[in-house]
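Below is one structure, written out as structure tokens; the observations come after it.
Treat the numbers as computed from the prediction; the structure is a model and nothing was measured. So that the names make sense, note that chain A is the first sequence line, chain B the second, and so on, each numbered from 1. Atom set for the values below is all heavy atoms of this structure, side chains included, hydrogens, waters and symmetry mates excluded.
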Amino acid sequence: MSDIDEIFDRLLSRESIFRNKRVLSHDYIPEVLPHREKEIKKLAYILATALKGGKPSNVFMYGKTGTGKTAVAKYVLKKLDIKGQQLGLHFLYAYVNCRYKTSNYRVLLKIAEDLGVGRLPETGLPLDSIFDRIVRFIDRKEQLVIIIFDELDWLVKKSGDDILYQFTRINNDLKKAQVSIIGITNDLKFRNYLDSRVLSSLSEESIIFHPYNAQQLYDILKQRAEIAFVEGAVTEDALRLVAAIAAQEHGDARRAIDLLRVAGEIAEREGSDKVLEEHVIKAKDEVEKDLVEATVRELPLHEQLTLLSIIMLVKRGERLITTGKVQRMYEKICEFLGYKPVTLRRLNDIFADLEMLGIINAPVESAGRYGRTRNIKIVVPFRSILKAFESDERFTIVLKEIP
DNA sequence: TGTCCACTGGAAGGGAGGGCTT
DNA sequence: AAGCCCTCCCTTCCAGTGGACA
């Protein structure tokens with residue numbers, strides 16, 4: 001008990017190294033976005049039409065994760081809103097992150113919620129009727145509605161482009177209001193999946209975001225660190241290291257900021273009054289592990305079993321892991337645990353799912369005479385997946401009992 | 001040059017579990 | 001209560017395919 005008291009006392013008596021931790025959270029939009037001036041200008045230019053009462057073109061924004069697409073969109077909209085208010089204009093906004101809204105229904109629901117349509121049931125209504133309600137709601141008066149579809153590729157891959165099609169045509173149904181759409185995607189190849197009508201309507205304008213390099217990431221981190229931490233709490237070396245790690249991982253600024261935050265938390269936990277390189281290194285492991293563990297734990301049963309089969313094959317020292325091998329292992333595990341295995345067709349979709357989640361790489365390769373199959377590789381730290389499985393007794397038994 | 005392996009991936013559909021409207 | 005409509009996970013059926021080998 002006294003141990004715990006001591007921990008509490010120590011924590012209380014010490015000044016925190018954080019001054020304003022919120023600055024390091026995902027939804028924080030800073031006053032200045034370094035190295036995105038060009039993109040901000042372009043978007044502002046497009047949206048400025050709204051200030052003269054016009055309908056801005058739809059915009060498509062491409063770029064990898066953490067290149068500032070969402071931040072730029074939110075930033076410009078915030079400024080637009082302020083300017084609009086000065087001019088007595090009122091705009092409506094909706095923001096959907098399609099990655100976390102798994103179905104058409106959820107997407108519509110989020111839009112309805114953001115616009116303030118009113119209470120709608122979690123499920124049950126026909127899609128048309130929700131869409132109608134949204135249309136009726138926004139068409140009550142003359143106004144501009146801006147809808148942001150973030151991580152649009154997820155929506156299209158999961159549920160197709162029906163909703164998108166409806167939204168691109170929505171202006172035909174509206175008498176008073178007008179709708180502009182901002183589509184954001186990480187997947188550059190994703191245009192191929194879209195119906196050409198949707199694509200042409202969506203990409204009236206497009207903005208491309210390039211990954212940040214280490215120096216740019218450093219500038220971003222520096223700016224955030226100055227607000228987030230007390231003076232001198234982050235060493236130059238630590239900051240450089242965070243920037244370097246994130247630059248290696250495709251210039252993802254969000255990851256960089258996460259990393260900095262966690263490094264700070266670790267430093268604080270360990271009673272250090274400075275964030276050092278060693279804290280950053282620990283933070284890197286922790287961030288990665290947490291993410292993978294959570295993802296794996298939330299997978300549906302047969303996706304977990306499939307992943308477990310892959311893990312078993314890796315453990316066994318198999319160098320080439322093919323669909324067939326996984327299927328045989330998977331069926332063995334199912335038999336062992338008393339589950340009815342899914343078909344090969346389903347398994348194939350599961351591979352695609354796991355690949356989308358970034359857990360595996362599974363490109364289709366041909367061995368000529370010996371057929372075509374996926375070449376499956378785990379692309380996250382092996383230990384974090386194991387860790388996720390270890391919390392479930394069924395899987396632990398399999399790991400022990402099956403060679 | 002054709003064959004043929006080991007799959008891949010599209011299309012259609014189903015049923016359990018949810019909740020709506022009437 | 002009946003009759004719909006939705007999602008999620010899954011099945012059945014099957015045409016299609018890259019390239020090493022004969």
Kindly indicate whether a cation-pi arrangement holds for [X] with [Y], taking the cut-offs as under 6.0 Å to the six-membered ring centre and within 45° of the axis.
X: A/Lys42; Y: A/Tyr45; value: no
X: A/Arg328; Y: A/Tyr330; value: no
X: A/Arg240; Y: A/Tyr218; value: yes

Atom [atom1] of [X] to atom [atom2] of [N]: distance rounded to whole Å?
X: A/Asn375; N: B/dT8; atom1: CG; atom2: C1'; answer: 15 Å
X: A/Ile321; N: B/dA6; atom1: CD1; atom2: P; answer: 18 Å
X: A/Leu109; N: C/dC5; atom1: CG; atom2: P; answer: 19 Å
X: A/Asp349; N: B/dG9; atom1: CG; atom2: C1'; answer: 8 Å
X: A/Asn348; N: C/dG16; atom1: CG; atom2: P; answer: 18 Å
X: A/Tyr339; N: C/dC10; atom1: OH; atom2: C1'; answer: 17 Å
X: A/Asp128; N: C/dC5; atom1: CG; atom2: P; answer: 9 Å
X: A/Leu301; N: C/dC8; atom1: CG; atom2: P; answer: 17 Å

Does a nitrogen or oxygen in the side chain of [X] sit under 4.0 Å from OP1 or OP2 of [N]?
X: A/His302; N: C/dC9; value: no
X: A/Arg346; N: C/dC10; value: yes
X: A/Thr323; N: B/dC7; value: no

Taking the side chain of [X] as heavy atoms from C-beta outward, which of [options] is closest to it?
X: A/Arg372; options: C/dT7, C/dT17, C/dT11; answer: C/dT17
X: A/Tyr105; options: B/dT8, C/dT11, C/dC6; answer: C/dC6
X: A/Leu127; options: C/dC6, C/dC9, B/dG9; answer: C/dC6
X: A/Thr373; options: C/dT11, C/dT7, B/dC7; answer: B/dC7

**Asked** Taking it one step at a time, do A/Phe149 and A/Phe167 satisfy ring-ring contact (aromatic ring centres under 6.0 Å, His included)?
**Response** CA-CA 11 Å; A/Phe149 290 95; A/Phe167 272 104; 5.6 Å; yes
Describe the nucleic acid contact of [X] in one word from base, sugar-phosphate, nothing, applying a heavy-atom distance below 4.0 Å.
X: A/Ala367; result: sugar-phosphate
X: A/Pro341; result: sugar-phosphate
X: A/Thr322; result: sugar-phosphate

**Asked** In terms of side-chain heavy atoms, does A/Asn171 have a donor or acceptor partner in A/Gln178 at a distance below 3.5 Å?
**Response** no
**Asked** Under 3.5 Å, is there a donor-acceptor pair between the A/Asp114 and A/Tyr93 side chains?
**Response** no
**Message:** Please compare A/Gly324 and A/Arg345 by the position of their nearest nucleotide in DNA chain B and report the one closer to 5'.
**Reply:** A/Gly324
**Asked** Of A/Tyr370 and A/Arg374, whose nearest nucleotide on DNA chain B comes first from the 5' end?
**Response** A/Tyr370
**Request:** Look at the side chain of A/Ser366 against the base of C/dG18 and say whether a donor-acceptor pair falls under 3.5 Å; ignore hydrogens and angles.
**Result:** yes
**Prompt:** Going by modelled atom types, is there a donor-acceptor pair between the base of C/dG18 and the side chain of A/Arg369 at under 3.5 Å?
**Reply:** no
